[in-house]
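Below is one structure, written out as structure tokens; the observations come after it.
Note that the structure is predicted; figures quoted are calculated from it, not measured.
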Amino acid sequence: MSHNILKGATTCHKTIQIYKDLLESYVSDFYVENHWNKKLSKSWKIYLASLTFEQLGILLSYRQPSKSTLVPLTIMCLQKILQNFSITRTQVPITSTTVQPEDELFNKYVWKNVKLKKKHEIEIMSRVCYDVGLKTNCFNIVDIGSGLGHLSRILAYKYGFNICTFEANEILTRAAQELDKKFEQILTNKNISHFNKQRPVHTSKRIDESLTSKEFERLIIQAFNIENNEEFKVGITGLHPCGNLGSTLLKLFKDSSMVVFINMVSCCYMKLSLEPSGICGFPLSTFCKKQRYKLDYLTCEAACHAIERFTLNLEIGNCTNLKIHAYRAALESLIDKTDKTLRHCAVSNVKYTEGLKFKDYCTKAVQKYDLEFAAEELEYYERIIEGTWKDTVKFYSMRLFLAPLVESVILYDRLLYLSEGSFYCDLISAFDSKISARNQVLVAHKKK
């Protein structure tokens, strides 16, 4: 397994370095920096210009569009590298024996007000936790970044785990406590069976890089109210811990003798600390540190998009709204001419609607700034956009084409970090990537 991970990490990282100029590009700089002519080779420009959006979607799905135009050899090679060395994003079914049969009434109330995406993730994540609980004989779990406690509720009442949570937002913590009480009342009033041993303990606490494993253990002991903690064991679960929090949880798992397993889905890679001299979110592993692996903010940001949903929209021709990328890039060009100190500023989010004029977009986007643009400039860019907006989408698409390489390097690094500790570890493409873009569950437990 380690050999395959090393080969995958090495190949993906080398490929990223070759195309780093493309990955490290703001799409909003498309016009300012002339991305189409300066960051794409001649053969790529000719090929991409010949593709319809539907054919572009097929290309991003690692298939070859039925096209007479010659496919650049580099693009064909990239497809093979992505297929063979990046971590697969195709969903793997998770089957697990539940502790009780599906109960319609139980499901009706436990999923009340839970969005479909979150429900999809929680159903699968709870099965993964139960499976690892059986393997490790550990049914105590610490849920980090628990929010309103939906995952904790399922783990406690459906699977019988003892739960404590750590959530930085005190408002969410109090809301989770109230939701537990209401749910218990419903279970009692409706006489619905469940396996909860004790109500989840929700704690308002931010887990950050400065927390040591001993301090973490003290927090757990306090939350669970444990008197004899010598034999007490817990697992960690994190459903999309943001940025450095994911790296921090892996370190706590590795350093704490109390923690026997971890199940985690990563997200927000662009928020990772990437400077080796400071608190480091990437790289973690000795191998990647020795090889001096380095990523930057924009490269990591590219790996955070919903690639499959974007590709699907291309294939079905649902693309008019993508014109917004050209609007944002044209606005950046106007900002560059008007006030360079506001380059890459956070403009207001404006949704593209049919018939939205560029001048109206600009008015809404920069309403919090003291900016005015000449009418002739706005009209000029309106004409530019009409002739080039599809090019901005194609440029953006090629960044997404390369993005799985970046996510793979980050996740390979985490697997290598865990394998250095002689732990069992694996990555499972557990979620449907069209529903949950970050669909990889990192599963690790300590060998007996």
Side-chain angles (χ1 to χ4, degrees), residues 22-36 39 53 115 117-118 145 147 168-169 171-172 240 242-243 267-272 296-307 309-314 318-400 403 436-438:
L22 177 55
L23 282 163
E24 294 176 6
S25 300
Y26 281 104
V27 178
S28 60
D29 287 336
F30 185 81
Y31 297 116
V32 177
E33 298 182 4
N34 194 9
H35 284 344
W36 185 257
K39 301 211 171 184
F53 282 151
K115 293 181 180 178
K117 175 181 179 291
K118 185 64 73 176
N169 188 324
I171 295 172
L172 294 179
H240 296 132
C242 186
C267 80
C268 300
Y269 302 125
M270 69 285 195
K271 294 183 180 179
L272 286 167
D296 78 340
Y297 172 88
L298 275 175
T299 302
C300 291
E301 187 273 339
C304 294
H305 292 275
I307 299 166
R309 287 203 295 274
F310 178 80
T311 302
L312 182 63
N313 283 333
L314 287 177
N318 185 17
C319 304
T320 311
N321 63 315
L322 298 177
K323 203 172 183 178
I324 204 75
H325 292 298
Y327 277 24
R328 178 64 185 90
L331 172 60
E332 190 68 22
S333 192
L334 283 171
I335 291 171
D336 179 61
K337 292 178 180 180
T338 308
D339 186 348
K340 290 185 185 295
T341 64
L342 290 176
R343 283 291 308 277
H344 300 144
C345 62
V347 301
S348 300
N349 188 35
V350 182
K351 255 184 137 179
Y352 183 84
T353 53
E354 193 66 40
L356 177 68
K357 295 291 184 182
F358 177 60
K359 63 178 181 179
D360 296 327
Y361 165 82
C362 290
T363 301
K364 293 175 183 177
V366 298
Q367 57 188 333
K368 59 185 175 182
Y369 300 105
D370 185 23
L371 283 172
E372 288 187 14
F373 307 120
E376 58 269 24
E377 287 276 18
L378 292 168
E379 290 168 7
Y380 168 77
Y381 277 105
E382 187 88 58
R383 293 193 298 272
I384 292 291
I385 289 166
E386 282 307 308
T388 58
W389 75 268
K390 291 182 180 178
D391 294 343
T392 66
V393 174
K394 290 175 180 180
F395 181 83
Y396 176 77
S397 298
M398 295 315 288
R399 285 188 77 234
L400 293 194
S436 301
R438 308 279 66 79

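The CG atom of D296 sits 12.0 Å away from atom CG of L272, with the distance rounded to the nearest 0.5 Å. To the nearest 0.5 Å, the span separating OH on Y352 from CG on L322 amounts to 10.5 Å. Atom-to-atom distance recorded for T392:OG1 and F30:CZ is 6.0 Å, nearest 0.5 angstrom. How far NZ of K39 is from CE of M398: 15.0 Å, rounded to the nearest 0.5 Å. Here D29 contributes atom CG and D336 contributes atom CG; the two are 8.5 Å apart, rounded to the nearest 0.5 Å. The distance from the OH atom of Y26 to the CD atom of E332 is 9.0 Å, given to the nearest 0.5 Å.
Here the shortest heavy-atom pairing between H305 and A302 reads CD2-O, 3.4 Å. Taking all atoms of both residues into account, the shortest heavy-atom contact from V347 to A365 is CB-O, 3.3 Å. Contact record, L334 with T338: O-OG1, 2.7 Å, taken as the closest heavy-atom pair. For the pair S436 and K117, the tightest heavy-atom approach, listed with the atom from each and the gap, is OG-CG, 3.9 Å. Residues K271 and C242 approach most closely at CD-SG, 3.4 Å, considering heavy atoms.
In this structure, K351 places its NZ atom where only 12 or fewer heavy-atom neighbours from other residues, nucleotides or ligands lie under 6.0 Å away. Applying the 6.0 Å contact sphere to CG of D370 captures no more than 12 heavy atoms from other residues, nucleotides or ligands. Within a 6.0 Å radius of NZ in K359, no more than 12 heavy atoms belonging to other residues, nucleotides or ligands are found.
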Identify every side-chain donor-acceptor pair in residues 378-388 under 3.5 Å, counting partners at least two apart or on other chains, and give the distances.
from : atom 1 : to   : atom 2 : distance (Å)
Y381 : OH     : S333 : OG     : 2.6
Y381 : OH     : K337 : NZ     : 3.1
E382 : OE1    : F358 : N      : 3.0
E386 : OE2    : K323 : NZ     : 2.6
T388 : OG1    : Y31  : OH     : 2.6
T388 : OG1    : I384 : O      : 2.7

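For the pair T299/Y269, no side-chain contact is recorded, criterion being any heavy-atom separation below 4.5 Å from C-beta on. By the 4.5 Å heavy-atom criterion applied to side chains, K390 and F53 are counted as neighbours. Within the 4.5 Å cutoff, side-chain heavy atoms of T320 are placed close to those of E354. In this structure the side chain of K364 never reaches within 4.5 angstrom of the side chain of S348, judged on heavy atoms. Contact of the L314 side chain with the C319 side chain is registered, since non-hydrogen atoms from C-beta on lie closer than 4.5 Å. Using a 4.5 Å heavy-atom threshold, the side chains of L356 and V350 count as touching.
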Before you tell me yes or no, could you show the steps for S28 and H344 under side-chain contact (heavy atoms from CB on, under 4.5 Å), namely the whole-Å CA-CA distance, both residues' side-chain angles and the distance that decides it to 0.1 Å?
CA-CA 8 Å; S28 60; H344 300 144; 4.0 Å; yes
F395 and H325: side-chain contact (heavy atoms from CB on, under 4.5 Å), yes or no, with the steps?
CA-CA 10 Å; F395 181 83; H325 292 298; over 6 Å; no
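With sequence neighbours excluded, the residues forming a side chain to side chain contact (heavy atoms under 4.5 Å, CB included) with L342 are I335, D339, C345, Y369, L371, listed by chain and number. Take T363 and apply the side chain to side chain contact (heavy atoms under 4.5 Å, CB included) test, not counting sequence neighbours, and it matches no residue.
At least one donor-acceptor pair closer than 3.5 Å links the side chain of H240 to the backbone N or O of R438.
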